[in-house]
Amino acid sequence: MPHLPPEILGHIFRCLKSTSRDPDTDLLAASLVSSLWFMEAWPLIDPALFQVSSLTLKNGPGRLYLIHLIRLSSLLVESLQSGLIHCDHLKSIRIGLVYFGNNLRASAAAIHQVVRLQPPNLRRIEILYSYIRSAAMIELLDIIFPTCDVTKITQLSISGDKTRGNEVTIHLLERLGPTLRDVSLYGFQLDATLLEALRRCHGLECLFAKGGWLPGPDTPPAPSGAVAFLAAALQNLTSLSFSMENCDREARVSDGQLREIVTRLPGLTHLAVDVDFTVNDECLRFVMRHAKEMEVFALVGCIMSREEGVWTENDVGWRGRKVGMSSSFTRLL
Amino acid sequence: MSDPANITLVTMDGTTFTVPSAYLHRSKLVQDWLRSEGDKQAMEVKHVTPFVLQGVLNFCEIHAEDTSEPLADPADPTKPFEADPRDDAFRGMPDDQLLQFTMAADILQIPELVRLTAQEMASRIDGKSPDQIRAMFNPDDLAEEDVDSDNEMGEVGEEGAISK
């Protein structure tokens, strides 16, 4: 705005800073009016306050938080459209919900305004939910990530209520699957549908699944050898961690499946799985010889590997953790 | 030589205002002019419209007898701004007029008026989006050389005497 001299703008912004209820947000808004206003307003802002690393959709804070979120999102959108750097710090969308509230749709829409412009470093979505109905969660996610938008989300972390099924997880895997590289699931139901959705995430490099639960009688369970089944489909995996809470034999990795996993995935650096009693020292030695890149290796339930003196230095191609292995192996590490 | 007790100001369109010099004792521009060129007939105040100068002079008259220390910094955060009911006219005026008064206060170097208008502008920016701010202080509107003289700040006479 050329008509106001810089020194007057400086006076106005210093007045704003000392009297506004939300001075930094107001100064950010002022800084986006024009390049001249930016030059005068920006030095008065604490840049750390706008190194926003995440936008959060959550219950509780009420109308004031909603107003702040909508305004902040709007300003970030303008920043992006102006090619300014405020959005460069934005890395994740966080969703933490226990119940469905009236303000959530508006908050989700505000977040979508930012997401649709693809901030350069926005790569992660973190979800923690319980009690809220899956359909309500999916409705909100569709507002933030409508199918018509292209996203660059590569990391997905979901901590859900496993007793409510996998609808939310599956919905997101299907929506974001093509770009996903890193998926973490905390509390999931190991059923056939989830397994298929995971298998379709062909670019996945890291899969961390903890707190799995076998489904009830009304849900088609995952086929036997689910972990090996996944490994066969996800050729880019370098890190695979998969553990169940109520694990029966069919969900554990067998001798043959473990060999198949390390054969199919020679680039694995991290492997942590539940195994059954068929995994013995001979199987482990096979793993050692094939998984040359392995750095972290943890087997739960490896009760058959107890012999002494069967390991040589040639058997150990990497260093890392061990669970249930023989003491001679441990000494070599 | 002009009457030393009075000063005559000439606006961008040639309208003249003659007021007691004491009214403008807080204007650094006027005080400097009186010291260096006070023997001239009138001081030109370019870039200020009659309407705006009228309002500025009203402000100066209202505050002519104020005894407060002159402000060194119009935005000094250590001196909290307190609204003065005598300045209510500035709080109700349209955005474009407020902007012109802000600029006139800067041109005439009247820190108290700069502070008043800057504070008022800050309060109007508070909570607004960039688009709303642009709509409020659209620079294109400022290009107009004059504004409607039918205003609340007083009528401008032919010779520029302040209507009282």
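Lettering of chains follows the sequences in order, A, B, ..., and the numbering in each one begins at 1.
Note that the CE atom of B:Met103 and the CD1 atom of A:Ile8 stand 9.0 Å from one another [nearest 0.5 Å]. Note that the NE2 atom of A:His11 and the OG1 atom of B:Thr102 stand 11.0 Å from one another [nearest 0.5 Å].
Heavy atoms from other residues, nucleotides or ligands lying under 6.0 Å from CD of B:Glu44 number 12 at most. Around CZ of A:Arg133, the count of heavy atoms belonging to other residues, nucleotides or ligands within 6.0 Å does not exceed 12. Heavy atoms of other residues, nucleotides or ligands lying less than 6.0 angstrom from CZ of B:Arg86 number more than 12.
Distance alone, capped at 3.5 Å, is enough to place a donor-acceptor pair between the A:Arg71 side chain and the B:Lys128 backbone. A donor-acceptor pair is defined here as one N or O able to donate and one able to accept, closer than 3.5 Å; no such pair exists between the side chain of B:Asp126 and the backbone of A:Ser20.
Within the 4.5 Å cutoff, the side chain of A:Thr19 has no heavy atoms near those of the B:Ser123 side chain.
Tested against A:Ile12 for a side-chain contact (heavy atoms from CB on, under 4.5 Å), the candidates B:Met121, B:Arg124, B:Gln119, B:Glu120 yield a single pass: B:Met121.
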side-chain contact (heavy atoms from CB on, under 4.5 Å) between A:Trp37 and B:Ile133, worked out: CA-CA 11 Å; A:Trp37 282 47; B:Ile133 298 171; 3.5 Å; yes
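For A:Ser74, no part lies near chain B; criterion is any non-hydrogen pair under 4.5 Å.
Each of B:Pro130, B:Ala122, B:Ser129, B:Ala105 has some count of heavy-atom pairs under 4.5 Å with chain A, and the biggest count is that of B:Pro130.
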